[in-house]
Amino acid sequence: MAARSRKNKTTEIFALGNEAVVEGALIAGCTFYAGYPITPSTEIAEEMASRLPHLRGGAFIQMEDEIAGLGAVIGASLAGRKAMTATSGPGFSLMQEHIGYASITEVPLVLVNVMRAGPSTGMPTNPAQGDVQQARWGTHGDHPIIVLSASDVQECLRMTVTAFNYAEKYRTPVILLLDEITAHTREKISLPDPEDINIYTRLTPSMPPEWYMPYEDNMRGVAAMPPLGAGYRYHVTGLIHDDHGYPTSNPREVEHIMHRLFRKIDQFFYDIQMVDEIQCQDAEICIIAYGCVARSAELAVQQARERGVRAGLLKLKTLFPFPRPAVEKMLRQCSNVVVPEMNMGQMSREIKRVNATQSKIITLNRVDGQIITPGQILSKILKG
Amino acid sequence: MTRKKGESKVKVFLDWCKGCGICAAFCPNKVLSVDKQGKVRVDREDDCINCGFCEIHCPDFAIMVYPKDERTPFEANIDDVAPATREELHRIRNSNST
Amino acid sequence: MSNDLHLDRFEVRLSGLGGQGILTLGRIMGQALALDHGYEVTQTQSYGPEARGGASRCDLVISTGKISYPKTICLDLLVSLSQEACNKYFGDLKTEGFLLVDTSLVGQTPTNIFWGLPFTTMAQKVGLVQTTNIVALGALTHFIPFMRATSVRKSLKEILPQKIVDINIKAFNSGFNRAKKEYPEAPEKWKFS
Amino acid sequence: MAKVTQLIHNYLRHSKRFPHVFCPGCGHGIVLGSLIRSIHSMGLAKDDVVLVAGIGCSGRIPVYVDFNTIHTTHGRALTFATGIKLANPRLKVIVIMGDGDALSIGGNHLIHAARRNIGVTALVLNNHIYGMTGGQSSCTTPMGSFSTTTPFGQLEDEFDISRVTKVCGASFVARTTVMQASAMDSMISEAVMHPGFGLVEILSPCHTQYGRKNRFKTCVDMYKWLQKSSTPLEKYRELSPEKQEKAIATGIFEKRDCEGLEDKYARMRKSLRGES
């Protein structure tokens, strides 16, 4: 457990990114963790194993594999718990089946994927950002999903809380993408007073059980969700289902549910979109980055400005739904946009897709298991 | 629970019956058979000893065996909503013809 | 004086062999600087099979303001508790940076300008060779002008298990006092931007 | 007996269309009836029962019955059940799986559920074949039997579900067939009431896919075969090895008291929290 010191009423700790995830989860009200150990996400499981049994009703279980881990998390969430798991590349691939299940059955859960270099076993202890598109489209079929990222330890805590809030609010799995660097960096963070943090907990039905419809289409597109055993007996299935939860292949009903699933995320896009604009106001050249690379970029921006180049950084905290308006704004403003990422261009293809203004998109890809350095980004900025 | 012949009625929900024939094959007294339509027919209701086999082995919950003198819910209100019994119909028809 | 020192990316690398407690050393130091001295600190380390047995390293970036890039770029201070680590990482040191080595294990320093103390031998004298890292921590507390001994001792007590605290405090003091005696002027040599 | 069918009807979902999707003569309906009767006999409230199923014919069972029902992914039902039980130990979690579901794709989960003795009840409906996908061989297809993927006869040896589960440490293991519906009722009740992991293997014939390819002309033939070959454990033990080959042992293979994982965890939590 990370050490604590109390200063000015806020508690400060010197913690790993992975430990900060646990702090965030506990603040958000998480009482259930199931998973399978995998580097570099293991500290999350270890910390949960020692913390959860101290909570009223808290439970941790190490399952036989990642598929089982996410299965148990879905089960616990159906039983009314705020539940999460954490994994890395190979485990994330195994979990895809259940991400799809949670999407179609609209089960809230948080999945932290600490990205390592891949594909396959790859380099377990080296960072990468190769799971970005897999997080969005990894499971088969069209499905709604929210993908967030964090770039420093304090953000690991904040984004975990946010991930739980989104999951509960929109009844959807939320994936938090970290990388080996962010997860394994130790930094000072302040633990917020839980009273100061907005915690959202899923709506439960308040109507007689006979009238409850588990997948009712209401104004929000998100139906209330009772815990198992509360008197609202309904059917949960991975088959496409109607508003009552029963399997259907009626084209009208199928279209209805698929469109609702997308609408429930789309219509709250501005609630979900999170970006940080760092020195963007007067920027002539913009860097768009996320995760640990955003930290390199921040230093590169500072160094560029010292040399008289007006650079700015758009840090993406929400990766999907893709923060198109914020990106488009920078594309309009800057004729040159640098996109550094530790993959072969998984996010830059999204940026190119929305590049209506024909700005020059300069990609900077690194897949050797090393972080992109500020120097590399700076040279791209200076070359233009 | 009666085990005597002639004390039970057998009801088959034909909409639910798929005619698998398990009930007919294992009925100790050959009360049931499968007809040409592929549905179970009650041939010899009076031979039923209410052994219970068909009820618990019908995969489709389509057979009910119950005491002859008892009305079951699905026929409980028939008398109330159907004003005329067979005898009454006869009487009406006869009275019309005269 | 030292606690108010303004720092802009002061970078330290602690290196040595796996099993020497390099990571613990980094964690105690990082925690003391972050929580007690109030600096921003990022501590990163190499993980995985390479961290077992062979070379081990732990990097700290210390700054007064927010730290963007969490890894080291150019080292201000390299601490090497093994010859191999010293050879491997010396090239990452700034020209005006300092090198601190365990002279019991590092026989050939790549430069004549270095600080050296026999940490391993000193730990043996304390009575437990496993306290080598803490002896080094004591010395570091002297060499680094913005680190306070009281805070480091406090952080040490928080992180280490109760039953080994006493001997480690002893080890810490031995390193701190020896460094002070042999290199009394060392803390004055730093130039901070 | 008079109220049996009526009682079952009371537990079915009135909003679902009947008859159910199973083929004529499929034993899965009998199992559902048996499960309802045993839950009724134990006096469990509908709200307290969670039925979790995997994929395949057996996976279609829960939707018809008015409990908390969850139709999960192929082979993973036990993982969901583990999460539910640990999250809310008050619930009675019953898992319905097929043979391919439980032993092939879900084999890993089954052996670990048995090992960790989580307090859920698994009903494995063994029909020796993949029914829903059209009669491919499963890990329980007997050697020499025919299926669409073993057109010249199965060469591999089959899994003995009960034996596998027993050696993995399950504290309650039993086998029955759909021909012994009354015995099945009490066996399911016993398994549900048993603390820790319980498994009941139920032989439920698939005439459509298995029977027709293996010299059973009608589904009734399959039921007669089950009736003939199922032998209570005590009698089975006295049979000669040749006769044992052809017989199916039924009964309770394992029953020992063993605290369920969820109870152990609750105990640990209490002691950590300083509650007695």
Side-chain angles (χ1 to χ4, degrees), chain A residues 1-8 11-18 39-40 42-43 114 116-117 123-127 151-154 179-190 278 289 292-303 313 315 369-378, chain C residues 8-9 11-12 14 18 22-52 54 56-74 92 151-161 193:
Chain A
M1 205 190 300
R4 279 137 207 280
S5 90
R6 280 184 80 82
K7 268 184 191 167
N8 313 325
T11 306
E12 286 187 333
I13 63 170
F14 188 58
L16 286 176
N18 279 341
T39 305
T42 327
E43 291 86 359
V114 183
R116 52 148 98 166
M123 288 182 279
T125 54
N126 289 54
S151 60
D152 61 38
V153 179
Q154 186 75 52
D179 44 72
E180 193 273 334
I181 304 249
T182 311
H184 278 166
T185 295
R186 226 177 256 281
E187 267 181 301
K188 174 171 66 183
I189 58 168
S190 57
I278 297 158
C292 65
V293 177
R295 300 187 73 165
S296 308
E298 203 177 332
L299 187 55
V301 165
Q302 189 191 323
Q303 290 167 344
L313 165 65
K315 183 165 92 177
Q370 300 300 314
I371 185 171
I372 295 177
T373 61
Q376 284 180 303
I377 300 172
L378 183 65
Chain C
D8 181 24
R9 291 194 74 88
E11 301 185 353
V12 185
L14 311 167
I22 300 292
L23 303 187
T24 315
L25 167 59
R27 202 174 146 198
I28 296 169
M29 190 172 147
Q31 183 163 317
L33 288 167
L35 300 185
D36 276 297
H37 297 77
Y39 287 113
E40 295 297 326
V41 179
T42 60
Q43 181 225 311
T44 53
Q45 57 208 49
S46 60
Y47 270 85
E50 62 173 289
R52 290 187 197 119
S56 170
R57 79 176 218 218
C58 174
D59 292 354
L60 292 156
V61 179
I62 305 141
S63 205
T64 305
K66 193 171 166 271
I67 299 168
S68 50
Y69 184 61
K71 296 239 160 196
T72 51
I73 300 168
C74 226
D92 297 339
S151 303
V152 182
R153 282 197 198 97
K154 187 173 154 236
S155 162
L156 205 140
K157 283 177 194 160
E158 276 170 5
I159 290 179
L160 294 179
S193 52

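Please read all numbers here as calculations on a predicted model, not as lab measurements. Naming: A, B, ... by sequence-line order, numbering from 1 per chain.
- To the nearest 0.5 angstrom, A/Arg295 atom CZ is 11.0 Å from C/Lys71 atom NZ.
- Remark: side-chain polar atoms of A/Lys188 are not paired, donor with acceptor, to backbone N or O of C/Val41 under 3.5 angstrom.
- If you take OG on C/Ser68 and CD on A/Gln303, they are separated by 8.0 Å, rounding to the nearest 0.5 Å.
- The shortest distance between side-chain heavy atoms of C/Leu33 and A/Phe14 does not fall below 4.5 Å.
- Taken to the nearest 0.5 Å, the CG atom of C/Asp36 stands 10.0 Å off from the CD atom of A/Glu12.
- To the nearest 0.5 Å, atoms CD (A/Glu187) and OG1 (C/Thr44) are separated by 10.0 Å.
- Here the CG-CD distance, from A/Leu16 to C/Gln43, works out to 7.5 Å after rounding to the nearest 0.5 Å.
- A/Asp152 is linked by a salt bridge (charged side-chain N to carboxylate O under 4.0 Å, His left out) to nothing, counting only residues two or more places apart in sequence or in another chain.
- Note that the CD atom of C/Gln31 and the CZ atom of A/Arg186 stand 8.0 Å from one another [nearest 0.5 Å].
- Minimum heavy-atom separation, C/Leu35 to A/Ile13: CD2-C, 3.9 Å.
- Looking at A/Ile372, only its backbone comes within 4.5 Å of chain C, counting heavy atoms on both sides.
- With a 4.5 Å cut-off on non-hydrogen atoms, A/Thr182 does not touch chain C at all.
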